[in-house]
Amino acid sequence: MTGLIFALLATVLAGIGARDQLTVAALAARQGQRPGLLMIAVIASVATAAFAAFAGLKVAPLLTANARMIFAAIALALAGGESLLLAPRKLPDEPTQSLGATAIVLLAHQVTDAARFLVFAIAVATAAPIAAGLGGAVGGSATVAAGWMFGAQLGRFRLGMVRRVIGAILLALAGWLALRALGRV
């Protein structure tokens, strides 16, 4: 249960202003709130969370408790780096109306985003990949649904600054977790 709650909260926080959320928001603002767009975004979120949890399922049994903590710290550091360094790009002036193309773009964004790194980290650290995957799927779906619902209104907020703060917090957590696993804290 802890893995589910941590993954849910971590995915929602890491998804604020993320590339997938802003892509869905921009498409919803330009094309209208098509139900197909929301459905594709949710399916992509569930699929990538399942992939991250599956990777955690395969890796966790291979590691000792301290090694799982170090591995989770590395995943947290990657999530923090992604939040700090990768800013969402501006969408083309005339995006395609194709839901298939949208699905490919969202999958590409989500496979390497901070939220899925966090699902992977939580799945490895807690050795509870199913709970982490469920939490990540729900949290990821909530963030893209928020993008779909609020569309152009998300552009009014300073989400870039929020992402940087979240990235810095994730890097600090990664350092603390690594030090704890090494017995230095």
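In this text the structure is predicted, and so the values were computed from the model without any measurement. In this chain, residues are counted from 1 in sequence order. Values below: all heavy atoms of this structure, side chains included; hydrogens, waters and symmetry mates excluded.
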Undergrad: Among the clusters formed by ILVMFWY side chains lying less than 4.5 Å apart, do L37 and V144 turn up in the same one?
TA: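 L37 and V144: one cluster.
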Undergrad: Any donor and acceptor pair, going by atom type alone, linking the side chain of R184 with main-chain N or O of R180 inside 3.5 Å?
TA: no
Undergrad: Grouping I, L, V, M, F, W and Y whenever their side-chain heavy atoms are under 4.5 Å apart, do L107 and L118 come out in a common cluster?
TA: no
Undergrad: Is R116 reaching over with its side chain to a backbone N or O of A53, donor-acceptor style, under 3.5 angstrom?
TA: no
Undergrad: Which heavy atom of L106 sits nearest to which heavy atom of A44, and what is that distance?
TA: CB-CB, 4.1 Å
Undergrad: Checking side-chain contact (heavy atoms from CB on, under 4.5 Å) against V124, which of K58, M69, R68 comes through?
TA: R68
Undergrad: Can you name the closest pair of heavy atoms from A137 and A49 and give their distance?
TA: N-CB, 3.4 Å
Undergrad: Tell me if a side-chain donor or acceptor on Q110 pairs with a main-chain N or O of S45 at a distance below 3.5 Å.
TA: yes
Undergrad: Tell me, with the steps shown, if H109 and T23 meet side chain to side chain contact (heavy atoms under 4.5 Å, CB included).
TA: CA-CA 9 Å; H109 285 325; T23 298; 3.5 Å; yes
Undergrad: Identify whether the distance between the nearest side-chain nitrogen and carboxylate oxygen of E82 and R19 falls below 4.0 Å.
TA: yes
Undergrad: Membership question, hydrophobic clusters at under 4.5 Å side-chain separation (ILVMFWY): are V105 and V111 in the same one?
TA: no
Undergrad: Working note: F71 + F120, criterion ring pair (Phe, Tyr, Trp, His ring centres under 6.0 Å); need CA distance, chi angles, decisive distance, verdict.
TA: CA-CA 10 Å; F71 209 80; F120 177 68; 5.6 Å; yes
Undergrad: Please name the pair of heavy atoms, one in L76 and one in A121, separated by the smallest distance, quoted to 0.1 Å.
TA: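 Answer, listing the atom of L76 first, then A121: N-CB, 4.4 Å.
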Undergrad: Might you point out which heavy atoms bring A123 and G56 nearest each other, and give the distance in Å?
TA: CB-CA, 4.0 Å
Undergrad: What is the minimum heavy-atom distance between I122 and A132, and which atoms define it?
TA: CG2-CB, 3.9 Å
Undergrad: Between A174 and A73, what is the shortest heavy-atom contact and its length?
TA: CB-O, 3.3 Å
Undergrad: Determine whether more than 12 heavy atoms belonging to other residues, nucleotides or ligands lie under 6.0 Å from atom CG of L171.
TA: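 Yes, CG of L171 has more than 12 neighbouring heavy atoms, counting only those of other groups under 6.0 Å.
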Undergrad: If hydrophobic clusters are built by linking Ile, Leu, Val, Met, Phe, Trp and Tyr wherever their side-chain heavy atoms come under 4.5 Å apart, do V165 and V12 end up in the same one?
TA: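 The answer is no; the residues belong to distinct hydrophobic clusters.
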Undergrad: Quick one: are L27 and T102 in side-chain contact, heavy atoms under 4.5 Å?
TA: yes
Undergrad: Evaluate the side chain to side chain contact (heavy atoms under 4.5 Å, CB included) criterion for residues I16 and T143: first the C-alpha distance (whole Å), next the side-chain angles of each, then the deciding distance (0.1 Å), finally the verdict.
TA: CA-CA 7 Å; I16 295 172; T143 57; 5.6 Å; no
Undergrad: Quick one: does L99's side chain get under 4.5 Å of R34's, heavy atoms only?
TA: yes
Undergrad: Taking C-beta and beyond as the side chain, do W176 and L179 meet within less than 4.5 Å on heavy atoms?
TA: no
Undergrad: Just one of L8, L134, T11 clears the side-chain contact (heavy atoms from CB on, under 4.5 Å) bar with V119, so which one?
TA: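 Exactly one pass, corresponding to T11.
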Undergrad: Below 4.5 Å, heavy atoms only, C-beta onward: do I70 and N66 meet side chain to side chain?
TA: no
Undergrad: Check for me, please, whether F150 and L13 land in the same ILVMFWY cluster - side-chain distances under 4.5 Å, paths through other members count.
TA: yes
Undergrad: Look up atom CG in L159 and atom CD1 in I166, then write down how far apart they are to the nearest 0.5 Å.
TA: 9.0 Å
Undergrad: Look at the side chain of Q33 and the backbone N and O of W148, then say whether any donor-acceptor pair between them is shorter than 3.5 Å.
TA: yes
